[in-house]
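Before any comments, here is the structure.
Numbering starts at 1 and runs along the sequence shown.
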Amino acid sequence: MVKVDLRLATDLGNSEVALMESGELTLQPSTVVKVSKNPFYEDLVVADAVKDIYQQLAVSITSPALQVPALYLIGDFATESSGYYTNTILGATKKHTSDVPVVMALGMIAAKAVQKAYEKDPNLNEEIRVTVDMATGLPVREFSKESAFAFSQRFMKGNHIVKVLLGVEKQVTVDIDFDYVEVFPEAVPVAFSLVYNSENKFRKGEIFKEFQEAYGYNPFNGEYFADKRALHIDVGDGTTEFPITDGFKPNQKLAQGTNNGIGHAAENILDEYANAIFVTSVQRQDISKVLKQKTHKYHSVAMDLIQVELEKQAQEIMRKARQQLDAVQNNIDIIVVYGGGSILLKPYLYDLLAELCEQRRIQLFYVPETNASTLYVEGLHSTLINGVYNQFKERAKVKAKEKASLQ
């Protein structure tokens, strides 16, 4: 048996799953296909299979978090398959009860474990036993002690057996044991990420360049955000969240959000886009992928069709942002805008927010494209480095011992 230890930051987004381990980022579309048979026609060269594991990730999962064992295609492999794939139903599915985040996490973690085990056993002939510490989160609207505990228990209650297929005959068994999972309200890791870098020092660099120039700060670092009251606008695929944080502390009473985002815009042009490229049907993840790839041959087609829908999404975000500001009588220092959806929406949203902020004497930090999608997972990763995660883990162990002693 090959033993592997992993400390992971995992952003289980509706559009994309981001997994960060020791500063290394892995991204996959948050999409799964349940299939009835092995998708491969021959065994793969092990070295090549390990190198390209996320491009052709097929796994059989037996887990206490899922009702029945099943064979899945994960991420990129799922979106390129001929089967009808499954993702989170926009605006209708709670993350902590959905199977998609669990399947995505288990599949990607198993793949990461295979890559680590390959360094010790290039033939991958032995079972892999991986022990995982994981930091993840739930939207502030969905977050409570009960939902966070329920979500963490889906991972921590029992072992998960994932068989990673590397061809027709070759498969690697990965036994995943979650030692501890901390579930944060999603705004909290972002607050950490604004203040600290991956080395637990005050953040500096290009991420702040536009903000510095707009407000004349020089020099500047992330310490500036440590005591600020911020309205977050986290634009996702199916939801946009509007949490308010005081420093690193979220205000649960003001946890608000809307069921809108880039995914809704994409869903509203499905038929038009399919007709434009002469196919019978498409799914929203197909359009999302094309929109992100500026070199894709249909990128301009998708962009032309989605313009009006993006404007509608921007207006809805503005409506909710005004409501949040009204609720606190503009007692906000800064509005921070991020999330994968914020990139496409910037041409429609930035000027509207800038005008709003000027009227109400609030600063605007619109996170640049290079960091907008990863700010949250970077913050989760920071909790693993700066000791925050360990504090929660030790506190949980103490509570567990106290509870056991009373029984």
(message) Measuring from atom CG of D175 to atom CD of E127, what distance do you get when rounded to the nearest 0.5 angstrom?
(response) 5.5 Å

(request) State, yes or no, whether a side-chain contact exists between V388 and F184 at a heavy-atom distance under 4.5 Å. (result) yes

(message) Pairing donors with acceptors under 3.5 angstrom, does anything connect the side chains of K95 and T239?
(response) no

(request) Find the distance between CD1 (I207) and CG (N371) and round it off to the nearest 0.5 Å. (result) 4.0 Å

(message) So Y224 and Q363, do their side chains get closer than 4.5 Å, heavy atoms only?
(response) yes

(message) With a 4.5 Å cut-off on side-chain heavy atoms, are V4 and R129 touching?
(response) no

(message) Would the distance check show the side chain of H296 and the main-chain N or O of Y298 forming a donor-acceptor pair, the cut-off being under 3.5 Å?
(response) yes

(request) Name all residues meeting the ring-ring contact (aromatic ring centres under 6.0 Å, His included) criterion together with F202; count only those two or more places apart in sequence or in a different chain, and write none if there are none. (result) Y196

(request) Assess the side chains of Q212 and K209: does a donor N or O sit below 3.5 Å from an acceptor N or O? (result) no

(message) Quick check against the 3.5 Å criterion: does K401 have a side-chain atom that pairs as donor or acceptor with the backbone of K397?
(response) no

(message) Looking at D286 and V282, would you say the former's side chain and the latter's main chain have a donor-acceptor pair under 3.5 Å?
(response) no

(request) Please collect all side-chain hydrogen bond (donor to acceptor under 3.5 Å, both in side chains) contacts where either partner lies in residues 269-282, sequence neighbours excluded, each pair once. (result) none

(request) List for me each residue that meets side chain to side chain donor-acceptor pair (under 3.5 Å) alongside E21, sequence neighbours excluded, and say none if there are none. (result) K116

(message) Out of the candidates L27, T136, V377, only one should pair with D11 under the side-chain contact (heavy atoms from CB on, under 4.5 Å) rule; please name it.
(response) V377

(request) Measure across A135 and L380 and return the closest heavy-atom pair with its distance rounded to 0.1 Å. (result) O-CD1, 3.8 Å

(request) For the pair H381 (side chain) and G23 (backbone), establish whether a donor and an acceptor sit closer than 3.5 Å, ignoring hydrogens and angles. (result) yes

(message) Quick one: does any side-chain atom of R7 pair with a main-chain N or O of L384 as donor and acceptor, under 3.5 Å?
(response) yes

(request) Please report the C-alpha distance between V174 and V130 in whole Å, then the side-chain angles of each, then the deciding distance to 0.1 Å, and finally whether the side-chain contact (heavy atoms from CB on, under 4.5 Å) criterion is met. (result) CA-CA 7 Å; V174 182; V130 56; 3.7 Å; yes

(request) Check whether any side-chain heavy atom of T383 sits under 4.5 Å from a side-chain heavy atom of F392, and report yes or no. (result) no

(request) Would you list the pairs meeting side-chain hydrogen bond (donor to acceptor under 3.5 Å, both in side chains) in which at least one residue belongs to residues 145-158, sequence neighbours left out? (result) D99-R154, S144-E146, S144-S147

(request) Verify side-chain hydrogen bond (donor to acceptor under 3.5 Å, both in side chains) between S15 and K289, making sure each step is shown before the conclusion. (result) CA-CA 10 Å; S15 177; K289 182 183 288 189; over 6 Å; no

(message) I'd like to check the salt bridge (Lys or Arg N to Asp or Glu O under 4.0 Å) partners of R229; sequence neighbours left out, ordered by chain and number.
(response) D246

(message) Any heavy-atom pair between the side chains of D234 and E186 that's under 4.5 Å?
(response) yes

(message) Within the 3.5 Å criterion, strictly below it, is a donor on D76 or Q28 matched to an acceptor on the partner's side chain?
(response) yes

(message) Check for me whether the distance between the ring centres of F211 and F220 falls short of 6.0 Å.
(response) yes

(message) I'd like to know if the side chain of K3 and the backbone of T131 have a donor-acceptor N/O pair within less than 3.5 Å.
(response) no

(message) In this structure, is the centre-to-centre distance between the rings of Y338 and F365 below 6.0 Å?
(response) no

Sequence neighbours excluded and cut-off under 3.5 Å, please list the side-chain donor-acceptor pairs for residues 160-171, or say none.
{"unit_1": "H160", "atom_1": "ND1", "unit_2": "S63", "atom_2": "OG", "d": "2.7"}
{"unit_1": "H160", "atom_1": "NE2", "unit_2": "F155", "atom_2": "O", "d": "2.6"}
{"unit_1": "K170", "atom_1": "NZ", "unit_2": "N123", "atom_2": "O", "d": "2.9"}
{"unit_1": "K170", "atom_1": "NZ", "unit_2": "L124", "atom_2": "O", "d": "3.0"}
{"unit_1": "K170", "atom_1": "NZ", "unit_2": "N125", "atom_2": "OD1", "d": "3.2"}

(message) Return the CE to CG distance between M1 and D121, rounded to the nearest 0.5 Å.
(response) 12.5 Å

(request) Could you tell me whether the side chain of N386 and the main chain of S382 form a donor-acceptor pair under 3.5 Å? (result) yes

(message) I need the minimum non-hydrogen distance between L12 and A105, along with the two atoms involved.
(response) CD2-CB, 4.0 Å

(message) As a quick check of understanding, evaluate side-chain contact (heavy atoms from CB on, under 4.5 Å) for T173 and I128, giving each step before the final call.
(response) CA-CA 6 Å; T173 299; I128 301 167; over 6 Å; no

(message) Quick one, D177 and V132 - any side-chain contact, counting heavy atoms below 4.5 Å?
(response) no

(message) Main chain of G263, side chain of D237: is a donor-acceptor contact present, judged purely on distance under 3.5 Å?
(response) yes

(message) To the closest 0.5 Å, what do you measure between CG (L231) and CG (N251)?
(response) 11.5 Å

(message) I'd like to know if the side chain of Y180 pairs up with that of E182 as donor and acceptor (distance under 3.5 Å, no hydrogens or angles considered).
(response) yes

(request) Establish, from distance only, whether the side-chain atoms of H96 and E142 form a donor-acceptor pair under 3.5 Å. (result) yes

(request) Report yes if some heavy atom in the side chain of P250 is under 4.5 Å from a heavy atom in the side chain of P243; otherwise report no. (result) no

(message) Quick test of your reading: applying ring-ring contact (aromatic ring centres under 6.0 Å, His included), list the pairs with at least one residue in residues 242-261, sequence neighbours left out, ordered by first then second residue.
(response) F192-F248

(request) Begin from the C-alpha positions of H232 and E241 and carry the test side-chain contact (heavy atoms from CB on, under 4.5 Å) through to its verdict. (result) CA-CA 7 Å; H232 299 241; E241 304 296 328; over 6 Å; no

(request) Please identify each residue that fulfils side chain to side chain donor-acceptor pair (under 3.5 Å) with S22, with sequence neighbours left out. (result) none

(request) For E309, enumerate each residue passing the salt bridge (Lys or Arg N to Asp or Glu O under 4.0 Å) test, keeping only those at least two apart in sequence or located in another chain. (result) K312

(request) Just jot down the side chain to side chain donor-acceptor pair (under 3.5 Å) partners of S193, sequence neighbours excluded, or say none. (result) R203

(request) Output the distance between atom CG (N259) and atom OG1 (T240), rounded to the nearest 0.5 Å. (result) 9.0 Å

(request) For the pair K346 and E210, evaluate salt bridge (Lys or Arg N to Asp or Glu O under 4.0 Å) and give the outcome as yes or no after the intermediate values. (result) CA-CA 14 Å; K346 189 171 185 178; E210 187 175 312; 3.4 Å; yes

(request) List in chain and number order the residues that pass ring-ring contact (aromatic ring centres under 6.0 Å, His included) with Y118, two or more places apart in sequence or in another chain; answer none if no residue qualifies. (result) none

(request) Give, for atom CG of L270 and atom CD1 of I287, the distance between the pair rounded to the nearest 0.5 Å. (result) 4.5 Å

(request) Evaluate whether atom OH of Y217 has more than 12 neighbouring non-hydrogen atoms of other residues, nucleotides or ligands under 6.0 angstrom away. (result) yes

Side-chain atoms of residues 50-62: list all donor-acceptor pairs with protein atoms under 3.5 Å, sequence neighbours left out, distances to 0.1 Å.
{"unit_1": "Y54", "atom_1": "OH", "unit_2": "M108", "atom_2": "O", "d": "3.1"}
{"unit_1": "Y54", "atom_1": "OH", "unit_2": "K112", "atom_2": "N", "d": "3.3"}

(request) Could you tell me whether the side chains of Q313 and N260 share a donor-acceptor contact shorter than 3.5 Å? (result) yes

(message) Using the side-chain contact (heavy atoms from CB on, under 4.5 Å) definition, which of the options V17, L19, I109 pairs with M104?
(response) V17

